[in-house]
Amino acid sequence: MTAPTPLMSLVWTDHVTGRRGFLVVDRLVRGVASGGLRMRPGCTLEEVAGLARGMTVKEALHYDPEARYVPLGGAKGGVDCDPRDPEAYGLLVRYLRAMRPYVENLWTTGEDLGLTQDLVDRAAAEAGLVSSVQAVYPLLDDEATARERLADAFAVVVDGIGLDELAGGCGVAESVLTALDRAAVPYAGTRVAVQGLGTMGGATARFLARAGLTVVAIADVKGTIANPAGLDVETLLAARDAYGTVDRRVLRPGDRELPGDAWLSADAEVLVPAAVSYAIGTGDQERIRARWIAEAANMPVVPEAERLLAARGVTVLPDVVVNSATNAWWWWTLFGDIGADADEAFAHIRRSLRTLVGLVLDRADADGTTPRAAAHALAADRLPVIADRFGWYR
Ligand SMILES: NC(=O)c1ccc[n+]([C@@H]2O[C@H](COP(=O)([O-])OP(=O)(O)OC[C@H]3O[C@@H](n4cnc5c(N)ncnc54)[C@H](O)[C@@H]3O)[C@@H](O)[C@H]2O)c1
């Protein structure tokens, strides 16, 4: 499938460091597009364009004509810098200052790889913005109440982790559980390996461990931590720094430290890439022993690797479906489909993701395609319906 040309692509060069940043708006609905902002060394315009397209699909997949929240268009921002670089914060502020007209008018953004929402909020305020999602405010019936509800939801903490950092992983975990249920595989005894223990990987590991699965390997930027008998997920979560790096001093005697790519070939039924894009290439896929791959990260499996994996019966549960809950949770909360309450949020996410994953897997079975192709086909059915109702650019 060739990607359609995005509505707008922008390359920004920082006048202080010469580093580059990108903004791609793939599509607008009611004049607004949604999509996070990532910071990583080597980030490219092409990567950001792929992610922006994915956001269009993610938004469309959650279209429910009965809901208050109506999907927005898709967008994404990216900055080519290591988030731990001392220059990173100043660069982020300057990037947001440069992007200010877009954030004010048409691009709602938030945390993604390498950035936390707190950091985005702080930098956005320093750049003179009201909020990173202010472009959506004119679409709200009662802006003050909606903003208060979202702020209240952000203040909810569940066992040491903010609700905003749990919503996405709750959706990834529910997607995995739905796939296991369809295959009649019990949760107990099912093993999981995760790449990345940041926002997405951390929350996914928590929800899967709590559902009774055994997390046998977790990789972060420093390497893989593994234990065939199961890792103590909560201890590792509590030992993370702000970038999702685990303090190795908390490891238990049975835990082993392995090279960074060891999570890939772990003896596990489920793999959850939850860190970088392009993590699983054609060479890597041969080493995979898992039956399911749940893409918590965006674009972690390259297309050719996915084809080879499908040929040998490995199901890739695609990013546009499984990691869509963070984005949807923001909008369900802001538009008032749910309140600022963790149980209500998790119940809504579980219901929605279970339905969506079911639809996608049914469609893949019916069409004889991969779940990703099925998800894109579902979105392609919905996009014209959304365009008919709201027009293309209004
Ligand atoms: N945060 C969100 O709301 C959100 C929502 C949907 C999708 N995503 C996607 O999920 C992925 C992760 O985002 P996040 O916000 O959880 O990131 P994060 O910055 O919170 O955490 C990233 C984690 O990955 C690890 N990591 C980074 N580079 C690595 C490497 N080369 N090898 C192994 N581990 C590495 C880090 O140590 C950290 O544990 C990204 O692809 C992002 O686009 C994020």
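Counting convention: from 1, in listed order, for ligands and their atoms alike.
- A salt bridge does not link Arg40 with Asp80: none of the charged nitrogens is closer than 4.0 Å to a carboxylate oxygen.
- Ring-centre distance between Trp331 and His62: not below the 6.0 Å cut-off.
- Residue contact check for ligand 1: Gly260 places no non-hydrogen atom closer than 4.0 Å to it.
- Each of the following atoms of ligand 1 lies closer than 4.0 Å to a heavy atom of Asn298: 7 (C), 8 (N), 9 (C), 41 (O), 42 (C), 43 (O).
- Counting heavy-atom neighbours within 6.0 Å of Tyr63 OH, excluding the residue itself, gives a total above 12.
- Ring-plane geometry between Phe335 and Tyr69 is classed as tilted, the angle between the planes lying from 30 to 60 degrees on a 0 to 90 degree scale.
- Short contacts between ligand 1 and Gly196, defined as distances under 4.0 Å to a heavy atom of the residue, involve ligand atoms 23 (C), 24 (O), 25 (C), 39 (O).
- Heavy atoms of Leu113 found under 4.0 angstrom from ligand 1 belong to the backbone as well as the side chain.
- Proximity of Ala296 to ligand 1, defined as any heavy-atom pair under 4.0 Å, is confined to the backbone N, CA, C and O atoms.
- Around the CD atom of Glu143, the shell of radius 6.0 Å holds more than 12 heavy atoms that belong to other residues, nucleotides or ligands.
- Between Asn323 and ligand 1, no N or O atom pair is found at a separation short of 3.5 Å.
- Distance from atom 38 (C) of ligand 1 to its nearest protein heavy atom, with residue and atom name: Tyr243 O, 3.3 Å.
- Summary of contacts: the protein heavy atom closest to atom 26 (N) of ligand 1 is Ala275 CB, 3.7 Å.
- Ligand 1 lies nowhere less than 4.0 angstrom from a heavy atom belonging to Gly168.
- At least one N or O atom of Thr199, backbone or side chain, sits closer than 3.5 Å to an N or O atom of ligand 1.
- Under 4.0 Å from ligand 1, the heavy atoms of Arg38 that appear belong solely to its side chain.
- Among all non-hydrogen protein atoms, the one lying nearest atom 32 (N) of ligand 1 is Gln195 NE2, 3.4 Å.
- At least one heavy atom of Gly114 sits less than 4.0 Å from an atom of ligand 1.
- Shown in contact with Leu197 at under 4.0 Å from a heavy atom are these atoms of ligand 1, numbered in order with element: 23 (C), 38 (C), 39 (O).
- An N or O contact shorter than 3.5 Å links Val221 to ligand 1 by distance.
- Other residues, nucleotides and ligands contribute more than 12 heavy atoms inside 6.0 Å of the CZ atom of Arg287.
- Other residues, nucleotides and ligands contribute at most 12 non-hydrogen atoms within 6.0 Å of the CZ atom of Arg20.
- Of all atoms in ligand 1, listed by their number and element, those nearer than 4.0 Å to a heavy atom of Ala297 are 9 (C), 10 (O), 11 (C), 41 (O).
- Counting heavy-atom neighbours within 6.0 Å of Asp141 CG, excluding the residue itself, gives a total of 12 or less.
- Arg351 and Glu174 are not joined by a salt bridge, as no carboxylate oxygen comes within less than 4.0 angstrom of a charged side-chain nitrogen.
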